[in-house]
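Proteins come first, then strands; the chains are lettered A, B, ... in the order of their sequence lines, and each starts at number 1. In what follows, every heavy atom counts, from backbone to side chain, and hydrogens, waters and symmetry copies are set aside.
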There are 2 protein chains.
Amino acid sequence: MTGGRRRSESSRRAILDAARGLLLERGYERLTIDAVAAQAGVGKQTIYRWWGSKGAVVADAVLEGGLAPPFVPLPDTGDIETDLRAWLRAWTAHLASGVGTSLILALTAATAEDRAVADVLYERFTGPHEQLLRDRLESARAAGQLGSQVPVPTIAGVLIGSLLYRVLSRQAPPTADDADMVVRLVLAGVA
Amino acid sequence: MTGGRRRSESSRRAILDAARGLLLERGYERLTIDAVAAQAGVGKQTIYRWWGSKGAVVADAVLEGGLAPPFVPLPDTGDIETDLRAWLRAWTAHLASGVGTSLILALTAATAEDRAVADVLYERFTGPHEQLLRDRLESARAAGQLGSQVPVPTIAGVLIGSLLYRVLSRQAPPTADDADMVVRLVLAGVA
DNA sequence: CCAATTCCGAGACGATCGGTCTCGGATCAG
DNA sequence: CTGATCCGAGACCGATCGTCTCGGAATTGG
């Protein structure tokens, strides 16, 4: 028999919206499923029927909330330095805001804690952003703007990692000047 | 009155040893204070008398367990490329091992979750390693092996961040080849 | 329209864990 | 000896995760 009530789309949205709001407001550790259910006006079973764990809910909330790629776009003006600078500056601006910092800390906590969640987030969040960067670097290499000594994945990893380290060290948020210097360093190294 | 029983050094050591072992074995999230107390043969109150939280115990355990700097030394042979390569290779080897990965994931989880713990870990773990790197870069700059365009803190952040990203993405652990390419990229950029 | 099926919100429930408190006993200074 | 402080052990509390149950609502096949 194929009968039966269908999944409520409004409940699904309410759950993800509540999870996203509470995540940014309280952080991953202090986000509780009870609070998500209460704020969404939903029974807990409705959450656990569709998501296996707290981490899975958070991952989906992030990925469906306008935070997924390409919410920081990577333009292609033909000049790799201009484009990388714009991309890295947009990220630093986002990460310097409270929302961006909370987001990355939450994703990092979830990643460090649960391997399955880490894989989902890499596949649907980190990976696509990294791929965006790699594609642009490849096109720059094809245009002769990059030397061939250093592989594109290494360059992408260095750019992303330098950003990540600034956020995770929780000392001083990255600035536009930092972004520019990283771009200069990396491009000088591959020119 | 100054009387009273003195703090038991053997209990302190047993607690930190147990915490370190359980941290590497189970990760930060699944490490419980009950388990630490049981494995150390100690009452829970003895833990909470001297440490304020689980994060504080973990931070101390890491910092006192031979995991603190400079367990990865940074030599000074006079050639910055040789030294950076040795340092980054040692780190990649450590991080590619299960212990190193577990350690970094645990520290990252603790950092992302608790600001106070983040500050302690930066002050006594990350910061000293970063300082080691900065000092060596400064001496290279003084020796004329580095151009003056990119600030030393930026260079250090890029080197550390590229490592961190590889570990946190949980996709493939970094290799010696990766380390060499990062060094080549960074040094070409600042030569 | 009816029956079977599946989802819904609500909330009770058991298990786990962080952190506090209490207890009898041990160790220190004076 | 006395008072203070620490010790191991474990009861206890509150929060939280995840499961389970309940009556009710939606949906489909007959």
Quickly work out the [X] [atom1] to [N] [atom2] distance and round it to whole Å.
X: I15(A); N: dC7(C); atom1: CD1; atom2: P; answer: 13 Å
X: R49(A); N: dT5(C); atom1: CZ; atom2: P; answer: 16 Å
X: D34(B); N: dT20(C); atom1: CG; atom2: P; answer: 13 Å
X: I47(B); N: dC17(C); atom1: CD1; atom2: P; answer: 14 Å
X: W51(A); N: dT19(D); atom1: CH2; atom2: P; answer: 15 Å
X: Y28(B); N: dG18(C); atom1: OH; atom2: C1'; answer: 11 Å
X: R5(A); N: dG23(D); atom1: CZ; atom2: P; answer: 17 Å
X: Q45(B); N: dA11(D); atom1: CD; atom2: C1'; answer: 13 Å

Which nucleotide wins on minimum distance to the side chain of [X], given the candidates [options]?
X: R6(A); options: dG8(D), dT28(D), dA25(D); answer: dT28(D)
X: Y48(A); options: dG18(D), dC7(D), dC8(C); answer: dG18(D)
X: T46(A); options: dC8(C), dA29(C), dC17(D); answer: dC8(C)
X: W50(B); options: dC6(D), dG19(C), dG24(D); answer: dC6(D)

task: Return yes if a side-chain donor-acceptor contact under 3.5 Å exists between Y165(A) and Q171(A), otherwise no.
output: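 Per modelled atom types, Y165(A) and Q171(A) side chains form no pair under 3.5 Å.
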message: Can a side-chain donor-acceptor contact be found between R136(A) and S139(A) if the only test is distance below 3.5 angstrom?
response: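 On atom types as modelled, these side chains qualify, holding a pair under 3.5 Å.
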- request: Validate the cation-pi geometry between K54(A) and Y48(A): distance from NZ or CZ to the six-membered ring centre under 6.0 Å, angle to the ring axis within 45°.
  value: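 That pair does not qualify as a cation-pi contact.
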- prompt: Should S11(A) be listed as having a side-chain N or O under 4.0 Å from OP1 or OP2 of dG9(C)?
  reply: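 Yes, within the criterion.
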query: Between the side-chain atoms of K44(A) and the base atoms of dG11(C), is any donor-acceptor pair under 3.5 Å?
result: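 Per atom types, no contact qualifies.
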Which residue lies more 5' along DNA chain C, comparing E9(A) with K54(B) via nearest heavy atoms: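 First, find each residue's nearest nucleotide; the 5'-ward one identifies E9(A).
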- prompt: So which one's nearest nucleotide on DNA chain C is more toward 5', S53(B) or G43(A)?
  reply: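 The answer here is G43(A).
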- request: Would you kindly compare R7(B) and G41(B) by the position of their nearest DNA chain D nucleotide and give the one closer to the 5′ end?
  value: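 So the residue in question is R7(B).
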query: Which pair of non-hydrogen atoms, one from P153(A) and one from R134(A), has the smallest distance, and what is that distance?
result: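 So the minimum-distance heavy-atom pair works out to CB-NH2, 3.6 Å.
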query: How about R13(B): does its CZ atom have over 12 heavy atoms from other parts shown lying under 6.0 Å from it?
result: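 Check fails, neighbour count at 12 or below.
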